[in-house]
Amino acid sequence: MPNDASSSAMAEPPQVMSSYDFDESVFIFGGRYHKGYFGHTFTPNPIPEDFYGLAVGYQKFFITDPEGWNWGLETGVAGRFGDGPATAEIWAGGVGRYNGWVLGDTVRVSPSLTLGLSAVTDTFGIAKEREEAQDKSAKLLFYVGPEISFSHVDNPELEVFWRAQHRSGAWGTTGLAAIDGANAGMVGVRFKF
């Protein structure tokens, strides 16, 4: 006859991972750039450019509090292709994420925001036109990446997301070009571990 300790251990349900159990992630995303400004990324049909981006990134969270807020760092690199020579982008910054809300006991919705700096090998399309109009380099600008992600509660380590990929001079507040740089709506997949 088994003792009480072993029978109670056998009766416990298996541990289920939650969004709070992960502090690192890798992700890939891509999409098309448009001719509008940052705000146009959130509209249904911004005027597209013939430029596309494909990016990979990494996140590490250092602060994860029980209320669902996570704070960390993000870095990424993107290839940008289209009507002209290919260019590259690298960015890094701080990221804040809220582990979100569960809808219908099935889907978790989590918003996040990355703020940092972005450097590119060259500008293109409307961003190049804006750069030339101001006669200032837009190779180094601020990076802004608001995002909304979706994951199944049974598989919280895998999520899909939509992100606005934005480069900005922030109205010239730090001496960087005042222009609104390249803007794109991107979709991607993230694996958390």
Side-chain angles (χ1 to χ4, degrees), residues 6-34 36 38-46 48 51-81 88-116 118 142-168 182-193:
S6 64
S7 61
S8 66
M10 291 174 55
E12 291 179 17
Q15 291 289 327
V16 176
M17 300 292 280
S18 75
S19 292
Y20 308 103
D21 296 319
F22 307 101
D23 61 2
E24 292 181 78
S25 68
V26 291
F27 52 96
I28 183 168
F29 62 92
R32 188 174 190 176
Y33 289 90
H34 62 80
F38 177 58
H40 294 111
T41 308
F42 303 92
T43 62
N45 294 308
F51 293 96
Y52 302 85
L54 183 62
V56 295
Y58 169 78
Q59 291 177 333
K60 169 70 175 172
F61 290 98
F62 299 99
I63 300 171
T64 56
D65 80 38
E67 300 297 318
W69 292 97
N70 299 322
W71 306 98
L73 298 174
E74 174 181 302
T75 187
V77 62
R80 305 171 338 150
F81 316 94
E89 175 182 7
I90 186 169
W91 74 90
V95 58
R97 173 187 170 98
Y98 181 61
N99 280 326
W101 310 272
V102 175
L103 305 178
D105 296 327
T106 306
V107 177
R108 179 176 296 280
V109 180
S110 302
S112 69
L113 177 65
T114 302
L115 299 171
S118 162
F142 290 108
Y143 178 84
V144 180
E147 176 184 301
I148 186 96
S149 64
F150 305 89
S151 62
H152 194 282
V153 293
D154 292 337
N155 300 99
E157 73 279 4
L158 185 65
E159 61 187 21
V160 296
F161 63 89
W162 177 90
R163 171 181 285 209
Q165 185 84 343
H166 172 64
R167 301 184 71 242
S168 172
N183 294 289
M186 305 280 203
V187 293
V189 177
R190 175 178 290 109
F191 179 73
K192 299 182 284 188
F193 53 96

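Computation of the quantities below employed the complete heavy-atom set of this structure, encompassing side-chain atoms and omitting hydrogens, waters and symmetry-equivalent molecules. Not measured: the values here are computed from a predicted model.
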Any residue meeting ring-ring contact (aromatic ring centres under 6.0 Å, His included) with Phe191, in chain and number order, not counting sequence neighbours: none
Criterion side chain to side chain donor-acceptor pair (under 3.5 Å) on Tyr98 and Glu67, from CA distance to verdict: CA-CA 9 Å; Tyr98 181 61; Glu67 300 297 318; over 6 Å; no
Among Arg167, His166, Glu89, Gln165, the one residue meeting side chain to side chain donor-acceptor pair (under 3.5 Å) with Tyr143: Gln165
Partners passing side-chain contact (heavy atoms from CB on, under 4.5 Å) against Pro48 (at least two apart in sequence or in another chain): Arg32
Value rounded to 0.5 Å, distance of CZ in Arg97 from OG in Ser149: 4.0 Å
Backbone of Asn99 reached by a side-chain donor or acceptor of Ser110 within 3.5 Å: yes
Set of ring-ring contact (aromatic ring centres under 6.0 Å, His included) partners for Phe61, sequence neighbours left out: none
From CG (Asp23) to CZ (Phe193), nearest 0.5 Å: 8.5 Å
side-chain contact (heavy atoms from CB on, under 4.5 Å) partners of Leu73, counting only residues at least two apart: Phe62
Set of side-chain contact (heavy atoms from CB on, under 4.5 Å) partners for Val160, sequence neighbours left out: Phe150, Val189
N/O donor-acceptor pair under 3.5 Å between Thr75 side chain and Trp91 backbone: yes
Pro46: side-chain contact (heavy atoms from CB on, under 4.5 Å) partners, not counting sequence neighbours: His34, His40, Thr43
